[in-house]
Amino acid sequence: MYWTVNPWKELERMRRDMDVLFSRSPSGTREPSFPMINTYENKEDLLIVAELPGVPKEEVNITMENGVLTLSGARKPVVSAGEVETLRLERPQGRFEKKIRIPVKVNDSAVEATFNNGVLTIKLPKAEEARPKQITID
Amino acid sequence: MDNEVAKREKQEVRQASPEQLVDAGNAYLPDVDILDTKEALVMALDLPGVAKGDVSIEIDENNVLSIRGKTTFSEPEGIVYKEFNTGNYYRAFTLSDEFDKDKISAKLDNGVLQVTVPRREEVKPRKVQISA
């Protein structure tokens with residue numbers, strides 16, 4: 001008897017479909033590099049939100065140069081010393097660097113960052129000339 | 001009047017515990033590392049946006065360890081670029097009998113939940129001394 005379809009291949013395909021279903025990235029996008037970021041914009045500010053669970057505040061570097069925001073640092077393994085057998089490793093670890101080009105002029109000296117429960121929020125206030133202006137009709 | 005009802009409902013939802021709010025159907029699967037130190041299994045789960053008190057860890061009679069996390073991150077308006085969706089987390093693991101259900105401990109730090117599941121005393125590796 002022949003298998004017309006390879007059942008293992010089918011299972012593998014199903015598993016991949018399931019992964020896509022439960023993935024936190026919007027469908028159709030490729031798996032982003034660590035850390036994952038979202039960007040928001042309102043009239044006054046740009047907000048960059050990065051997920052950095054397990055990275056201590058002191059290990060995160062944020063620099064802004066020539067309109068490019070660089071986020072860098074390192075994430076250490078949870079248990080590093082001693083005899084440890086790794087059964088599963090899904091969390092990215094080690095050094096990371098992510099650069100984000102900021103398309104509008106921002107007020108570099110007024111950039112603020114907050115870190116809550118592993119979520120970093122960077123607020124970049126737009127420069128006066130980059131803010132939308134309301135034009136009144138005379 | 002309707003407004004009042006809506007307000008109350010919203011509050012009730014916010015006060016709901018992770019158990020009431022989070023199940024496999026409405027949550028994301030967090031990334032996990034599982035390490036075996038011989039003494040115990042150490043699991044680390046990425047739960048960004050989850051505060052202390054918003055995590056529940058349960059183990060049932062079938063040795064299924066389920067972890068739920070309720071996010072406190074509220075998404076700002078005006079999304080322009082998105083790499084991740086925000087929401088609650090749920091993940092479950094089936095443990096073997098060699099672990100001590102009653103001695104599981106956990107801590108949440110900086111968005112990472114670390115769960116330690118110790119082996120039962122009688123199954124821990126023991127060094128046998130050879131007497132002369």
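Numbered from 1 within each chain, the chains take letters A, B, ... in sequence-line order.
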Under 4.5 Å between side-chain heavy atoms, counting indirect links through other Ile/Leu/Val/Met/Phe/Trp/Tyr residues: same cluster for A:Y40 and A:F115 or not? no
Might you confirm whether atom NZ of B:K101 has over 12 heavy atoms from other residues, nucleotides or ligands at distances under 6.0 Å? yes
Contacting moiety of B:T71, where chain A heavy atoms sit under 4.5 Å: neither
Side chain, backbone, both or neither of B:F73 within contact of chain A (heavy atoms, under 4.5 Å): side chain
Can you find a pair of side-chain heavy atoms, one from B:V50 and one from A:N117, that are under 4.5 Å apart? no
B:N110 side-chain N/O to A:V55 backbone N/O, donor-acceptor pair under 3.5 Å: yes
B:D46/A:E51 under side-chain contact (heavy atoms from CB on, under 4.5 Å): CA gap, chis, key distance, verdict: CA-CA 9 Å; B:D46 278 345; A:E51 288 193 327; over 6 Å; no
Count the heavy atoms belonging to other residues, nucleotides or ligands that lie under 6.0 Å from CD of A:E65, then report whether that count exceeds 12. no
Chain A heavy atoms under 4.5 Å from B:E77: which part of the residue, side chain, backbone, both or neither? backbone
Looking at A:K57, A:R91, A:M36, A:Q93, which has the largest count of heavy-atom pairs under 4.5 Å with chain B? A:R91
Give the member of B:I79, B:V112, B:D109, B:L47 that has the highest number of heavy-atom pairs under 4.5 Å with chain A. B:I79
B:F93 with B:L108, same ILVMFWY side-chain cluster at under 4.5 Å: yes
Take atom NZ of A:K133 as the centre, draw a 6.0 Å sphere, and report whether it contains more than 12 heavy atoms from other residues, nucleotides or ligands. yes
Is a side-chain donor or acceptor of B:D36 paired with a backbone partner of A:E85 at a separation under 3.5 angstrom? no
Could you report the tightest heavy-atom contact between A:P53 and B:G111, atom names first, then the distance? CB-O, 3.4 Å
Heavy-atom distance under 4.5 Å to chain B: side chain of A:V49, backbone, both or neither? both
Residue part contacting chain B, namely of A:P103, when any heavy atom lies under 4.5 Å: neither
A:L47 versus chain B, heavy atoms under 4.5 Å apart: side chain, backbone, both or neither? side chain
Side chain to side chain, B:L29 and A:E90, heavy atoms closer than 4.5 Å: no
With respect to chain B, which residue among A:L89, A:N42, A:L46 yields the maximal number of heavy-atom pairs within a distance under 4.5 Å? A:L89
Does some side-chain heavy atom of B:E75 sit less than 4.5 Å from a side-chain heavy atom of A:N38? yes
On a heavy-atom basis, the closest approach of A:P92 and B:D31 is CD-OD2, 4.3 Å
When you measure from the side chain of B:E83 to the backbone of A:I37, do you find a donor-acceptor pair of N or O atoms at a distance under 3.5 Å? yes
State yes or no: do B:Y90 and B:F84 share one hydrophobic cluster built from I, L, V, M, F, W and Y residues joined by side-chain heavy-atom distances below 4.5 Å, directly or via other members? no
Which bit of B:L41 comes within less than 4.5 Å of chain A, counting heavy atoms only: side chain, backbone, both or neither? side chain
In one Ile/Leu/Val/Met/Phe/Trp/Tyr side-chain cluster, 4.5 Å: A:F34, A:V78: no
Considering non-hydrogen atoms only, spot the tightest contact between B:P48 and A:V119 and give its length. C-CG2, 3.9 Å
Do A:V106 and B:V80 belong to the same hydrophobic cluster, where Ile, Leu, Val, Met, Phe, Trp and Tyr are linked whenever their side-chain heavy atoms lie under 4.5 Å apart, directly or via other members? no
